[in-house]
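Nothing here was measured: the structure is a model prediction, and the numbers come from that model.
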Amino acid sequence: KPEKVKFEDGEIILLSDSTKHVSIHDIFSKTNTDKIEEKSSAVPDKPKQKKYALNTHSAVFAEVAVDEDLGTIIVRRVVSAVAAGRILNPKTARSQVLGGIVWGISMALQEQSVMDTNIGRYMNHNFAEYHIPVNKDIHDIEVIFVEEEDNIVNPLGVKGVGEIGVIGVASAIANAIFHATGKRVKDFPITLDKLL
C-alpha cells in the first residue's frame, strides 16, 4: 500500500524494512512499461462562508501639496490606522508600518522600471537611476494601532503587521492629488505628464 512505502533516489523502499527496496527503473523494465499516467479532474471548491474576518486591516489618509506650475508633489502627512489584534511589541510593529508607508510613498511617486524594448533589458537597474525616497521626501507619518481584542484569530489575539503598512498608501496619495487638483491619476508613479 502507498502508505507503507516511500519513494527515494529512484527506488520504492519499504518503510518497515529499508533493506527491502526495488528500483523504479527495474519495475518499468520487467513490466514493459514506458510511462505512468494518472488522470484526474478538479473543480473549484465552493466558497466557504466565514463567520468572522480574521485579517489585519487598515485605513490610510494622505495630505499632499501640489505645485500648480511645476506639478511637483510633496506628501506632507500620512496617517495609517491599523487594526492588527494585540500588538506585542509596539515599537517594532510601528517601525514595520512606517517602513511600509515609505514604500507606498515611493510606489506612488518615484519607483519606475524603465525597459528598453529593443534589447529587452531594464535601463535603470541600479540606485543611481531607480529612484527611491530619501529623508527629504518623507514628512509627517502617524501610525495608530486600533485596540482590538480578538480571541478568535488565535489564543494570543495577534495578527500580522508585515505588509499592511504599504496597503492603500499609493491609493490614498492618488486620492489626495485628486482632491487637490481635480485630476484622477490611476497609473503609478504619478508624474507631471499625468497631472497635465
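Using a 4.5 Å heavy-atom threshold, the side chains of Ile132 and Trp103 count as separate. With a 4.5 Å cut-off on side-chain heavy atoms, Arg94 and Phe145 count as touching. Side-chain contact between Gln110 and Pro133: present, with at least one pair of heavy atoms (C-beta onward) separated by less than 4.5 Å. Within the 4.5 Å cutoff, the side chain of Leu109 has heavy atoms near those of the Val75 side chain. Counting heavy atoms from C-beta outward, Val146 and Val82 have side chains that stay 4.5 Å or more apart. Counting heavy atoms from C-beta on, the side chains of Tyr130 and Glu111 come closer than 4.5 Å. Here the side chains of Ile105 and Val78 are in contact, with some heavy-atom distance below 4.5 Å. Under the 4.5 Å side-chain criterion, counting only non-hydrogen atoms from C-beta, Leu14 is not in contact with His21.
Follow the hydrophobic side-chain contacts under 4.5 Å out from Ile138 and you reach Ile177 in the same cluster. Side-chain heavy atoms closer than 4.5 Å link hydrophobic residues (I, L, V, M, F, W, Y) into clusters, and following such links, even through other members, never connects Val158 to Val161. Tracing side-chain contacts under 4.5 Å through hydrophobic residues (I, L, V, M, F, W, Y), one reaches Phe28 starting from Val22; they form part of the same cluster. Both Val143 and Ile167 belong to a common hydrophobic cluster when Ile, Leu, Val, Met, Phe, Trp and Tyr are linked at side-chain heavy-atom distances under 4.5 angstrom.
Among Asp150, Thr56, Asn154, Asn55, the single residue meeting the side-chain hydrogen bond (donor to acceptor under 3.5 Å, both in side chains) criterion with Lys159 is Asp150.
Ser171 places no side-chain N or O within donor-acceptor distance of the main-chain N or O of Gly168, the cut-off being under 3.5 Å. Checked by atom type and distance alone, the side chain of Thr31 pairs as donor or acceptor with a backbone atom of Ile27 at under 3.5 Å. With Glu142 contributing its side chain and Val79 its backbone, the two residues share no donor-acceptor pair below 3.5 Å. For the pair Thr181 (side chain) and Lys183 (backbone), a donor-acceptor distance under 3.5 Å is present. A donor-acceptor pair under 3.5 Å links the side-chain atoms of Asn126 to the main chain of Glu129, judged by distance alone.
Ion pair Lys35/Glu37 flagged as a salt bridge, since at least one NZ, NE, NH1 or NH2 atom sits closer than 4.0 Å to an Asp/Glu carboxylate oxygen.
Note that CD of Glu149 and CZ of Arg86 are 9.0 Å apart. Values are rounded to the nearest 0.5 Å. With rounding to the nearest 0.5 angstrom, the NZ atom of Lys6 is 13.0 Å from the CD1 atom of Ile12. In this structure, OG1 on Thr33 lies 12.5 Å from CD1 on Ile24, to the nearest 0.5 angstrom. Distance CZ/Arg184 to NE2/His179: 6.5 Å, rounded to 0.5 Å. From Gln112, atom CD reaches atom CE of Met115 across 12.0 Å, with rounding to the nearest 0.5 Å. For the atom pair OG (Ser106) and CD1 (Ile101), the distance works out to 13.5 Å, reported to the nearest 0.5 Å.
The two residues Gly104 and Ile173 make their nearest non-hydrogen contact at O-CD1, 4.4 Å. Taking every heavy atom of both residues into account, Ala176 and Ala62 meet most closely at CB-O, 3.4 Å. Closest heavy-atom contact between Ala93 and Ile87: CB-CG2, 3.7 Å. Closest of all the heavy-atom pairs between Met107 and Ala170 is SD-CB, 4.0 Å.
At most 12 non-hydrogen atoms from other residues, nucleotides or ligands lie less than 6.0 angstrom from CZ of Arg121. In Tyr122, the OH atom is not crowded: 12 or fewer heavy atoms of neighbouring residues, nucleotides or ligands sit closer than 6.0 Å. Crowding of Asp116 atom CG: a count of heavy atoms from other residues, nucleotides or ligands under 6.0 Å exceeding 12.
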- Task: Dump the intermediate steps for side chain to side chain contact (heavy atoms under 4.5 Å, CB included) on Ile74 and Thr72, then the final yes or no.
- Result: CA-CA 7 Å; Ile74 297 171; Thr72 55; 5.6 Å; no
